[in-house]
Structure formats: structure tokens, C-alpha cells
Amino acid sequence: MKKQIFICLLLMAADICQAQAVQELMSAKTATKTAKTYYNYYENGDNVYNAAMTHKQRYFHVCDTTMAMNYVRQALQADSTYADAYLLAADIFDYDGYTQQAIEWLRMGQRYNQDDERLVEAEAEIEGRKDMGNAIDILFGYSIDHYSYPLYRTIARLYDKLDLTGVKYREEVANNYARASMNTLTHEDMDAYVQSLYYSGKVAECLNVAKEALKQYPEDLTLNRFCFISAANTKDYQMAYDSYEHLAALPGYTAVRYDSISLAGVLVGLHRFSEAENLLDTLQAKDDLSVGEQRNIGIFANRLMDERVSVMKEDGRYKEATKLYAKYVKQLRAAGKLTDSNVMTQANIYFDWAAEKKGWAKKRKLMKADKLLASRIVESELNKDFFAYIRLAKVYFQLDPNAKKGTAIPFVEQMERIILSKDSIENVNKQRLVTGYRYMMSYYFVTRSDIDRGMEYAEKILSLAPDNEAAATLKNYYERHKRRKGVEKDDRSDE
């Protein structure tokens, strides 16, 4: 009987202790909640950027931090282990600029709550604003004793949270999500992961991750959009088009201009030229286009014309291609948008056409291209040397491939003047000069039998390319020739 009474008393004491602990916890929660009302803490504001407070992503209003701290202390008097109170205290001190005191409060909380990762992550966030290396060390230290802790996911989230500009830490975010276990990533993690992959230049990987994530979240707007634009950038045009169709049909989708511009590029890639042209015309008619939008629309307009011309050339419709592109060039010139690339595309139509001709017909096509290149040498600001070389290599070397007529001489000399007028000679221009000088060397040495003049160009070649075999061979021949002539002269003097 006594034993039973004793057991009952123990159970009653345990119940009283448990009730007291619950009461203390409730009191701590109530006091902390009251503290937040004085602090005007915006519970749902973690993803809101406040420009006046760059290290915070929350809204604050009255912020009576003194009263808030009074209630935090009341909460801790009721329950000295209550983690939320330590978190709030640290947040208050951090907001007021006392980051070291904030960290001390978090560490006090960690002593009572060694398994509460929120306290550790809050400390890492404060440290991360000063030194991400220290922040990562804090998280690594915690993970040593907590084997299931999602370390790399947390590091990725921390980089993402501190990257207020959206460009500074994209690669770090992507790399750490890649190291995290995929089954620990939430919906929001997957959105951040694919965006970081895309903006860090890992477009193909972005596409693969987005496709996998869409199996779990097929209605997600962000995942669908980045699947679409990644497929477009990797030139998987059919998938890009299918992704766009799915995206546009989703509830809540709002059309944005970037999507329309990307879709135009996809339609070009699918050779749906009429649809692409109509869409580009609609976009170009907008009077509020940004510089970037104008540039991208121009890129796709050029690509549209290039693809059309390419299809015509494959079908042997060169005349139609030249007329179409000439009209396009005229429009670009009138708008002040003609580029070196446009001129090169136009010239290439004639080069490809000439490749299928012989004799006078071939020459006529080459001279059409020559006229375009000659004009561009005058007009181009940055690529005169390039057009001078293309003119030489693709027109005049074709007309005189064995250096028998000297037809290319004026154009070798023109290219030389343009290149040597530059402050320095790049490697590519050295190679171009060597090509031109070899023509001159061959013409004078072989065709004209002018050994001395041929040797001048051999020396020029060797000054740019000391290992050039043809020039070295000519130099050796020239030196033996000089020695032999010297011996013959001495023999005549003896006589």
C-alpha cells in the first residue's frame, strides 16, 4: 500500500513538473510574441527586399526595441532555454547594428539548444555579411556532430539569401545545391537552383535539372520558364517550343517580353519563318524596348534572314537568296544597323554560288562579292584587316591560285598597309601577312625568276614565322646562289 502511495506521489510530482514546464514554455511564447509586437516584426517578410536595410529582407516600422527586449527577458525568465527568444534578441541587436551582441545572444541560445539549427544558421548569416568563409566554417562545425544536417543545401540557401543583387553568388548557389542531396531540396530550393545554374552560365545543366524538377512540380512557373529558355539557348528548339506551349497554358502565367523574344528565336530554329517574322515585327513595333531587348530582337532578325538564306542555298536558289538578302541589307543600312556580319553573310552567298561555277561565270560571282568587301573595308571601323584578308583569300587567290598572273599583288599590299598601320600586330594578323607574303614570294621567285625580290618577302615571312619551311628553303637557296656567284666572280678576276 505504501509503495502504491509513493508511486502515485511520484506521478503527481512528474505531472506537476510537466505542467509547470508547459506553463513556463507558454509564458515564454506569450512574452516573445508580445516582444514581436513592439518590434513590429514582419513574420512573412523574409523574401522581401528592403532597400533601406540591405542586410535585412524584412519590413520594420516603429521598432521599440527597448520594450521588445524587456519582453524577451521576461520570456527567458519564464524559460531560460526558449530558442525563439534568443533568436529574436539577436535579431533586435542585429537590426540596431550591434552584430557582436547579436552573435553572443545566439551562442547563449546554442548552449541551451545544441540541436537547434536555426541558432547556428542565424549566426552564420550575420557572419556571412562580413566573411562567407567564416559563415561556412560555422555550418561545417555544426554538421560534424549532426550527421543528417543538410549542410550544402543550407550553404546554398545562405549564399542565395545574401546575394541581394542576384548576380554575385549565383555560381556558389548552384555548386552547393549540386552537392546537396536532391531529396532534401524543397520546391523553393529547386527554383533557386535552376535560376542559379542559368545565370552562372550552366545552361545545359539548368535544362536537365529543370526537367527533373518538373516531374515533381509540373505546374511551377519558374521551372517551366527556365526549362523553356534553357532549351532555347541549347538549341533544342522542339523541346523549347513544347515547353513554351505548356508554360503559356499554366494558370497564373503572365506573358513577359523576354519570353516572346526567346520564342521568336525558337521559331527561327524550327524554320517557321513566317511566324518568326510576324512575331519579330510585332516586337520591333514596341516603342518602349530596352537596349537589351533591341539587341536580342536584332540578333534573331539576323538569324531569321541567315536561316532563310541557308535554306535557299541548300535548294540551289542563289539568285533568290541574293535578292532577299540585298533587300534586307538595304533596310539595315537605312536604319543605321548594318553590321560587318551582315556584309559577310551577303558576300558568302556569292562565294558559295561561285563554288558551283567555272570560268567567267565563277569570276562574275567572285567580283560581286569583291565589290561588297571593298566597300566594307572603307566603312568598317574595327575589321578593315579582316575584310582585306577575306577579299584577298576568297577572291584574288581564287582567281590566281598559283601566283602566275600577279593579280593579287595590289590586294596583298592593301592588306599589309592596313595591318601595319595598327599599334601592334596580333597573331591572327601575323598569319594573314605570312599568307600574303607567300603569294608574293612565289610570284617573284617562281614566276618572274626575280630571286632578290622573292628573297625580300622570304625575309618578311621569317621575321613573323621563323619556322616557315618554304621561306627557310628559299633563304638557303639564295645564300648558296650568292656564294656560287661570288666564286664565279673571283674566277673571272683571276683570268
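Being a predicted model, the structure only gives us computed values, none of them experimental. Heads up: numbering here begins at 1 and tracks the sequence.
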Among pairs that include at least one residue of residues 291-320, which meet ring-ring contact (aromatic ring centres under 6.0 Å, His included), considering only residues two or more places apart or in two chains?
-> Tyr318-Trp353
I'd like to check the side-chain hydrogen bond (donor to acceptor under 3.5 Å, both in side chains) partners of [X]; sequence neighbours left out, ordered by chain and number.
| X | answer |
| --- | --- |
| Asp385 | Asn429 |
| Arg417 | none |
| Tyr217 | none |
| Tyr198 | Asn233, Tyr258 |

Check ring-ring contact (aromatic ring centres under 6.0 Å, His included) between Tyr193 and all other residues, then give those that pass, not counting sequence neighbours.
-> Tyr177
Residue set satisfying ring-ring contact (aromatic ring centres under 6.0 Å, His included) with Phe445, at least two apart, ordered chain then number -> Tyr477
Write out all pairs satisfying salt bridge (charged side-chain N to carboxylate O under 4.0 Å, His left out) with one or both partners inside residues 265-277, taking only residues at least two apart or from two chains.
-> Arg272-Glu275, Glu277-Arg308
Only counting residues at least two apart or in another chain, list the ones meeting side-chain contact (heavy atoms from CB on, under 4.5 Å) with [X].
| X | result |
| --- | --- |
| Glu219 | His246, Leu250, Pro251 |
| Thr339 | Ser341, Asn342 |
| Val256 | Arg225, Asp259 |
| Ser143 | Phe140, Tyr149, Leu151 |

Decide yes or no on salt bridge (charged side-chain N to carboxylate O under 4.0 Å, His left out) for Arg170 and Asp160, but give the supporting numbers first.
-> CA-CA 7 Å; Arg170 288 306 94 195; Asp160 189 45; 2.9 Å; yes
Should the pair Tyr457 and Tyr444 be assigned to parallel (<30°), tilted (30 to 60°) or perpendicular (>60°) ring geometry?
-> parallel
